Amino acid sequence: MKVLVTGGAGFIGSHTVVELSNAGFEPIIVDNFANSEKSVLEGIEKILHKRVNSYEADCTDSAAMDKIFSENKGIVGVIHFAAHKSVPESVNNPLKYYSDNISSLCVLLRLMKKHELNNLIFSSSCTVYGVPDILPVTEETPIKPANSPYGNTKKICEDIIKDFIQTNDFKALALRYFNPIGAHPSSLIGELPIGVPTNLVPFVTQTAAGVRSQLTIFGNDYDTTDGTNIRDFIDVVDLAVAHVRALQFLLNKSDNKLYDVFNLGTGTGASVLEVVKTFEAANHIQINYKIGPRRDGDVEQIYANVAKANTVLGWKTEVSLEESLRKAWNWEKRIRQIV
Ligand code: UD1
């Protein structure tokens with residue numbers, strides 16, 4: 001039961017590779033290591049106590065991808081994580097996002113058709129809901145115009161898959177992630193942002209480690225309980241397990257055509273300040289932070305209704321915010337060699 005995992009050395013990809021293997025699948029990693037490190041492969045293999053097949057290749061490279069598909073007969077599904085994911089970078093360099101994130105999906109779909117593979121799981125994002133009118137958001141919540149080129153590529157990719165299924169026997173699920181955080185409990189894999197992190201939790205852990213001198217909380221004048229933004233922070237291992245459930249769901253469906261979307265979050269919102277305070281309490285450490293101005297493009301609050309994933313996929317989150325932030329800190333301490 002081989003599963004091709006593009007972006008398998010990335011944050012969510014690496015944790016999913018571990019959970020796929022734990023569930024009896026044989027993951028095959030494809031990664032161009034543009035935003036991940038080869039040491040991740042060692043971490044995965046240490047956790048699993050076995051070798052994992054991996055390829056260094058770019059998903060936009062059709063010839064290289066074709067060769068990988070040809071060399072690996074018996075692939076049952078593809079999980080497509082590989083994509084650029086920085087909101088601010090996408091604003092500054094939209095063509096990089098439109099070109100790579102969209103063409104990599106098109107390359108994969110063409111090759112899956114050629115190799116007669118018809119089960120795809122696509123990494124989408126809650127960003128497709130834009131600024132939602134009603135909370136929590138369900139999968140029926142209307143899609144809004146994206147607030148960044150990155151967000152727009154997620155919407156366009158969902159549309160491409162839907163259109164492809166119109167004329168091809170193909171099954172796909174788009175998983176809309178909320179805010180993934182945390183690390184593996186072994187501290188052997190975790191989030192490895194390159195350069196200054198733009199996401200909250202890596203910035204918090206790097207501030208705790210002294211790599212950054214101060215965290216800025218982007219605004220405390222929002223119409224929320226404590227004035228800071230509210231997000232749905234989901235532990236990366238819970239998220240990884242959801243991919244295994246989603247794949248099993250697809251494989252059990254005998255339909256020729258299937259397209260569906262699932263929200264993957266905890267169902268509970270937490271404010272930015274609450275994350276900082278929970279991190280401090282969970283790890284007995286103070287974070288040097290200040291309140292700064294709002295960040296452009298931030299949505300005031302968003303969190304998921306996850307009833308559909310709970311009932312249809314038989315999946316629910318298990319890791320608390322506190323536990324997830326403890327794991328994030330243990331991982332940061334390990335990579336910085338802090339005892
Ligand atoms: C954004 C995207 C999401 C995407 C993710 C990828 C939107 C609405 N969401 O999530 O789709 O998958 O990026 O990276 O476009 N914050 C601080 N200080 C910091 C960093 C963050 O206060 O130094 C705050 C932000 O203002 C925000 C919250 O923390 O309220 C979470 O921010 P972040 O981790 O960047 O994720 P999102 O912007 O929610």
Side-chain angles (χ1 to χ4, degrees), residues 7 10-13 35 81-91 94 97 101 122-132 135 137 141 143-158 174-182 191-208 211-234 236 239 263-266 269-279 287-304 321 324-325 328:
F11 178 41
I12 310 171
N35 195 24
F81 291 105
H84 304 302
K85 61 165 188 176
S86 161
V87 173
E89 187 193 35
S90 78
V91 173
Y97 279 68
N101 287 4
F122 174 70
S123 297
S124 189
S125 166
C126 69
T127 193
V128 299
Y129 299 116
V131 181
L135 288 167
V137 290
T141 297
I143 299 293
K144 291 271 193 76
N147 61 356
S148 70
Y150 158 80
N152 207 17
T153 64
K154 293 297 177 193
K155 185 204 174 280
I156 293 168
C157 285
E158 287 194 7
L175 305 182
R176 293 175 178 162
Y177 312 147
F178 283 66
N179 289 59
I181 60 164
E191 197 165 1
L192 270 180
I194 290 174
V196 182
T198 53
N199 292 119
L200 176 63
V201 171
F203 208 105
V204 168
T205 56
Q206 289 194 9
T207 306
V211 180
R212 310 279 152 214
S213 55
Q214 191 174 45
L215 166 77
T216 302
I217 292 181
F218 299 134
N220 69 348
D221 57 352
Y222 287 98
D223 187 14
T224 59
T225 38
D226 61 22
T228 65
N229 285 153
I230 289 176
R231 294 288 181 274
D232 188 335
F233 297 93
I234 174 170
V236 68
L239 189 55
N263 284 344
L264 297 180
T266 64
S271 77
V272 172
L273 198 56
E274 208 178 322
V275 169
V276 173
K277 296 285 172 207
T278 307
F279 181 91
I287 297 293
N288 180 20
Y289 71 86
K290 65 169 185 193
I291 306 295
R294 292 181 176 198
R295 181 172 71 175
D296 275 352
D298 271 338
V299 170
E300 181 170 273
Q301 45 181 324
I302 185 161
Y303 51 96
L321 178 63
S324 196
L325 292 170

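Start at 1 and go down the list; that is how both ligands and their atoms are numbered. Since the model is a prediction, treat every value here as computed from it, not as a measurement.
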Where's the contact between [X] and ligand 1, heavy-atom distance under 4.0 Å: side chain, backbone, both or neither?
{"X": "Val275", "answer": "neither"}
{"X": "Arg295", "answer": "side chain"}
{"X": "Thr228", "answer": "neither"}
{"X": "Asn199", "answer": "both"}

Considering the heavy atoms of [X], write down every atom of ligand 1 situated less than 4.0 Å from one of them.
{"X": "Ile217", "result": "22 (O)"}
{"X": "Arg231", "result": "27 (C), 30 (O), 37 (P), 39 (O)"}
{"X": "Asn229", "result": "26 (O), 27 (C), 30 (O)"}
{"X": "Asp298", "result": "25 (C), 26 (O), 38 (O)"}
{"X": "Lys85", "result": "6 (C), 14 (O)"}
{"X": "Ser125", "result": "3 (C), 11 (O), 12 (O)"}
{"X": "Asn179", "result": "10 (O), 31 (C), 36 (O), 37 (P), 39 (O)"}

[atom]: nearest protein contact (heavy atom, Å):
{"atom": "atom 8 (C) of ligand 1", "value": "Val299 CG2, 3.8 Å"}
{"atom": "atom 13 (O) of ligand 1", "value": "Val87 CG2, 3.7 Å"}
{"atom": "atom 17 (C) of ligand 1", "value": "Phe218 CD1, 3.3 Å"}
{"atom": "atom 7 (C) of ligand 1", "value": "Thr127 OG1, 3.6 Å"}
{"atom": "atom 20 (C) of ligand 1", "value": "Thr198 O, 3.4 Å"}
{"atom": "atom 18 (N) of ligand 1", "value": "Thr216 O, 2.8 Å"}

Do we see a donor-acceptor contact under 3.5 Å between the side chains of [X] and [Y]?
{"X": "Thr224", "Y": "Gln301", "value": "no"}
{"X": "Ser123", "Y": "Tyr177", "value": "yes"}
{"X": "Tyr97", "Y": "Glu89", "value": "yes"}

For the student: nearest non-hydrogen atoms of [X] and [Y], plus distance:
{"X": "Phe178", "Y": "Asp232", "value": "CB-O, 3.4 Å"}
{"X": "Val137", "Y": "Asn263", "value": "O-ND2, 2.9 Å"}
{"X": "Asn147", "Y": "Thr127", "value": "OD1-OG1, 3.8 Å"}

Drop me the distance from [X]'s [atom1] to [Y]'s [atom2], to the nearest 0.5 angstrom.
{"X": "Ile217", "Y": "Leu200", "atom1": "CD1", "atom2": "CG", "answer": "7.5 Å"}
{"X": "Lys290", "Y": "Asn220", "atom1": "NZ", "atom2": "CG", "answer": "13.0 Å"}
{"X": "Arg231", "Y": "Asn199", "atom1": "CZ", "atom2": "CG", "answer": "10.5 Å"}

| query | Hey, does Val272 come in under 3.5 Å of ligand 1, counting only N/O atoms on both sides? | reply |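 No.
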| Short N or O distance, Leu200 and ligand 1, threshold 3.5 Å exclusive |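 Yes: some nitrogen or oxygen of Leu200 is under 3.5 Å from one in ligand 1.
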| Min heavy-atom dist Tyr150 to ligand 1 below 4.0 Å |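 Distance cut 4.0 Å: Tyr150 passes for ligand 1.
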| Of the options Val299, Thr225, Leu135, which is the one that meets Ile230 in a side chain to side chain contact (heavy atoms under 4.5 Å, CB included)? |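 Exactly one pass, corresponding to Thr225.
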| Pick one: which of Lys155, Glu158, Arg176 meets side-chain hydrogen bond (donor to acceptor under 3.5 Å, both in side chains) with Ser124? |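 Of Lys155, Glu158, Arg176, side-chain hydrogen bond (donor to acceptor under 3.5 Å, both in side chains) with Ser124 is met by Glu158 alone.
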| request: Answer yes or no: is there a donor N or O on one side and an acceptor on the other, between the side chain of Asn288 and the main chain of Ser213, under 3.5 Å? | output: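 Flag set: sc Asn288 to bb Ser213 pair under 3.5 Å.
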